[in-house]
Structure formats: structure tokens, C-alpha cells
There are 2 protein chains.
Amino acid sequence: MFDYAQDMGKETREAILDAAEALFAEHGFRGTSLRAITQAAGVNLAAVNYHFGSKQALVEAVFARRIEPMNRERLARLQRWEAAGCGDLEGLIDAFAGPPLELAGEPRGARFVRLLGRSYTEPDERLQAAIRGMYEPVIERFKQAFARVLPHLPAPELYWRLHFLVGLLAYLMSGADLMRLIASCRLCDPLDVEALKSRLQRFVAAGLRAPVPREQGAVPAVRRGG
Amino acid sequence: MFDYAQDMGKETREAILDAAEALFAEHGFRGTSLRAITQAAGVNLAAVNYHFGSKQALVEAVFARRIEPMNRERLARLQRWEAAGCGDLEGLIDAFAGPPLELAGEPRGARFVRLLGRSYTEPDERLQAAIRGMYEPVIERFKQAFARVLPHLPAPELYWRLHFLVGLLAYLMSGADLMRLIASCRLCDPLDVEALKSRLQRFVAAGLRAPVPREQGAVPAVRRGG
DNA sequence: GTCTATAACTAGATAGAC
DNA sequence: GTCTATCTAGTTATAGAC
């Protein structure tokens, strides 16, 4: 026998998550009231606190629902990359940046990716910690992989460059449209995922491969032998 | 004779701007109430509406106060770069990225730079338009300069790459601390402005200089000879 | 120009009937 | 599980005394 009550509960839950995701992406967390969410979802105001406990918990549930599958796809590509011999820097960049950028190309995913990109600059410390927790194991695996294709880079230099990669990706995910400052959409459509991916790959690969100067800090400490 | 009333008014105005800047940077626009601002500034709640008219107008005044001098410094460096012969890509990157990053190194400036970086992903369309207006003439000058040092790049490729530069800079300004995902502060201190500047310069210069493949689209048209 | 007091509204959360 | 009604607290903005 079906438990209709449970089914209804699940539908309500999902409807709230969908509406919250869309409204958060458009107006931000503080700009979205529970009243707006429940109205858009076609459910009762009290349902949010019944199903999630609080607005904060709802926010975290919105992220948890989508980050896990995205990161699974990243790790799957990373494994294929390792199986193929660990030599291809462009392929590794794609394993990391491809899943979120491709998700951004889908109508449903675009909302979430924008929300995720924006969340990195959100002042909510608790949310940041929750999201960092979902990323840590993935980042750790990719750090090791990048270190393997770029073995000549000293650790700090590698970490700075990975920081630039992660930061640039975060910016692109946020959907912040600074491209409007630079070019018309005719010349460069920031929503053209394939164009974006190939250009990003080229740009970032070149940055990661940039030669390292002898002196690493402001003051060179010791001249290297070879 | 001094107009004491006017002097007091100016002090109140500045106190409000200072407090608003600090609180906006820390808690975001919506997370900061006029009550919090006026309390921090040591002025009366009603003073905000007297001096600025509304919260929205206060937000825009906070930006206008600091963006203009920052962009003037950028243009001054651009002129020195042009006077020096227009050949040095690293110097041009510094003219563009140096002023905001150096401002971020000062205690007072850091707050504002974080706020500015975050503002790009803020959902407030009116604010975005206001800020874009302050940037447009500067971006236009720099576009021309970059086109001059990178004359072999087709326009769309140049614009994509400049978009990456601007986006990465926006991320760095936001102070979003994704570096915490990658490395301990011991190895790479994201607040070390000089280290950041030199690393960014190297990374971005390499990305901008990356060779352009023959085939620009998804399908290669012609096999490359070398 | 600055203050107090308050209007007018919106928020998140909950109690209790169904 | 879902609803209505309501509580408490916080918001921007303003009117009017000083």
C-alpha cells in the first residue's frame, strides 16, 4: 500500500526546494522571504518550518541537493583522466570545470550554478562552512592530480594558480555579467557553454603552465642550482 | 565665519558613509539595517534619510565616493604605460589590477574592495547599472590598450580573455576565501598583496599570450601544419 | 540639522484546530 | 501533514518638536 501522506510530503518538500532555488538565485537569500517561497511553491507558509525547521536549514538543503551529484561527476571524470594516463592538463581542467559549466547550460541547472557561484561571496559564515565541507574531499583529489601534471611547480606557486582557477570558475558560475562591460553578446555570448569551456581551458592551461621565475619571494633567498 | 551647521552635517555624512561601508562589507546590504549603521556612526537614525534620502541612495553614495579615485589611478598608470611605449603586457595588467589590489592591502581600503568585489554578484540590478556606468570609460581605454599589445588575437578571443581577467580580479576583490580550500595561510597568504600581484600577473599574462588555434569553433576546419 | 516618537509594513516562527 | 491565525521582533521611512 502506498503511503499517500508521505508522498504528498515529498512533493511539498521538492516544490519548496525548487521554488527556493529559483527565488534565491534571483533575489538572494535575504531578499527572498518564506512567504514568497511558499506562495511560488503553492504550499502553506507553515510547511517550510515543518519540513526544514528554519529558513537557514532550507538554504543548506537547497545546496546539498545538487552539489553532491555535480561533485560525483567531477570525480568520475577525474578517474577516467587517471585511467588515461594522467598526462593531459586540458583534460584535467575539463574534469574540474566541465560539470558546473555544463550544468549552467541546462535551464534547470543554470539557476543553481548561479546561486552556487554567488554563495562564495555571501557573508553568511555558516553557509560558507557547510559548502566548504561538501567541497573538501573533491578539492583534495584534484590538488593531487594537478600536482602530478605540473610536477615542476613549487607547492605555493601551484596553490596560487589553483586558487586563480577556482576563483575564476566561481566568478563564471556566479553569472555576474561583467562581459557586458567588454563586448556585445554578438561577439562573445557568455551563455555559449562550449565556447566558454574551450576558451577557459586554453586560458587557464597557459596560466598553469607559465614558467616560474628563479626568485620566488620578494627577496630571493638562495640561488637554485638547476 | 564658519558655517558650523554645514560642518557638522558633513561630519555626520562622512560618519554614516564610513559605518555603512564597513557594515555592508561585513554583512551585505540587506543584512545591514539603517539602525545598525546609525548606531555604529554615533548619529541619529533619521540622519540617513535626511542626508541621503533612502537606503538605496546611501548604498550608491558609498560606491561613488571611492570608485572614482581608484579609476583615476588606473588611468594615470595607463598613461605612463603608453608613454613608455605600449609594449609591456605585464605593466598593462598592473595598471588595471594594481590599484584595486593595492587598495585591498590598506586597512581602510580592504573593506571597500571586498564590498566592490561582492557587488558584482549582488542581485540589485539598479546598483549594478550604477557601477557599470562608473566603469565603462575606463574599460574602454584598457580594451584598446590590450588590443595594441596583443594585435594577433581576433577580437572575440581577446574579449573572452579580458573577461577572464576582469572576472578573476572581481573574485579576488570579493575576498571570497576559497584559498582556504586549497592551502593553509602559511603556504599562501591571500592577504599578501605583493605575492598576489606578481602571481596574478604571471598567470594572466600567460593566459592572454596563449596561442590561438586555427579553428575557432567547435569543429576544426583545417588541420594544423605545425 | 538633529532629535523623539511612531506610522506602516514585513520578517521568521509557532500554537493549535483539522 | 496541512491549515489559519497570530506572536514577536525587526525593517524603512516620516511627522513634528526643538
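If you're wondering where the values come from, they're calculated on a predicted model, not measured in any experiment. Proteins get letters first, then strands, A, B, ... in listed order; numbering begins at 1 in each.
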Exercise. Nearest of dG1(D), dA13(D), dG12(C) to any side-chain atom of Lys55(A)?
Worked result: dG12(C)
Problem set entry | Of the listed nucleotides dA13(D), dG1(D), dT2(C), the one nearest the side chain of His51(B) | dT2(C)
Exercise. Would a 4.5 Å heavy-atom cut-off, applied to side chains only, mark Leu78(A) and Glu82(A) as touching?
Worked result: yes
Exercise. Hey, does Leu17(A) have a side-chain heavy atom less than 4.5 Å from the side chain of Leu58(A)?
Worked result: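 A side-chain contact under 4.5 Å exists here.
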Exercise. Is Glu125(A) paired with Arg132(A) through a side-chain N to carboxylate O contact shorter than 4.0 Å?
Worked result: yes
For this session: For the pair Asp177(B) and Arg114(B), find out whether any cationic side-chain nitrogen is under 4.0 Å from an anionic carboxylate oxygen.
Result: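 Salt bridge between Asp177(B) and Arg114(B), a charged N being under 4.0 Å from a carboxylate O: no.
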For this session: Return one dot-bracket line describing DNA chain D 5' to 3' (Watson-Crick or G-U wobble pairs, both distances under 3.5 Å; ( ) same strand, [ ] crossing, | another strand, . none).
Result: |||||||.||||||||||
Problem set entry | Interatomic distance, Tyr50(B) OH vs dA15(D) C1' [rounded to whole Å] | 15 Å
Problem set entry | Euclidean distance, atom CD of residue Gln39(B) to atom C1' of dG10(D) [Å, nearest integer] |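 For the pair Gln39(B) CD and dG10(D) C1', the rounded distance is 14 Å.
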Exercise. Within the distance-only criterion (no hydrogens, no angle test), does the side chain of Lys143(A) pair as donor or acceptor with the backbone N or O of Leu162(A) below 3.5 angstrom?
Worked result: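 Between the backbone of Leu162(A) and the side chain of Lys143(A) there is no qualifying donor-acceptor contact (under 3.5 Å).
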Problem set entry | Main-chain N/O of Arg161(A) paired to Arg199(B) side chain as donor or acceptor, under 3.5 Å | no
For this session: Ignoring backbone atoms, establish whether Thr12(A) has a side-chain N or O less than 4.0 Å from OP1 or OP2 of dT2(D).
Result: yes
Problem set entry | Nucleic acid contacts - residues 18-37 of chain A versus DNA chain C, non-hydrogen atoms under 4.0 Å | Thr32(A), Ser33(A), Leu34(A), Arg35(A)
Exercise. Going by number, which of residues 40-49 of chain B have a non-hydrogen atom under 4.0 Å from DNA chain C?
Worked result: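 Those residues are Asn44(B), Ala46(B).
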Exercise. Does CD in Gln39(A) sit with more than 12 non-hydrogen atoms of other residues, nucleotides or ligands closer than 6.0 Å?
Worked result: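 No, not enclosed.
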Exercise. Between Gly28(A) and Arg118(A), which heavy-atom pair has the shortest distance, and what is it?
Worked result: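 Heavy atoms of Gly28(A) and Arg118(A) come nearest at N-NH1, 3.9 Å.
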Exercise. Parallel, tilted or perpendicular: which describes the rings of Tyr171(A) and His163(B), with under 30° parallel and over 60° perpendicular?
Worked result: perpendicular
For this session: Return the orientation label for the Tyr135(A) and Tyr120(A) ring planes: parallel under 30°, perpendicular over 60°, tilted otherwise.
Result: tilted
Exercise. Which of these passes salt bridge (Lys or Arg N to Asp or Glu O under 4.0 Å) with Arg66(A): Glu73(A), Glu106(A), Glu21(A)?
Worked result: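 Among Glu73(A), Glu106(A), Glu21(A), the one meeting salt bridge (Lys or Arg N to Asp or Glu O under 4.0 Å) with Arg66(A) is Glu21(A).
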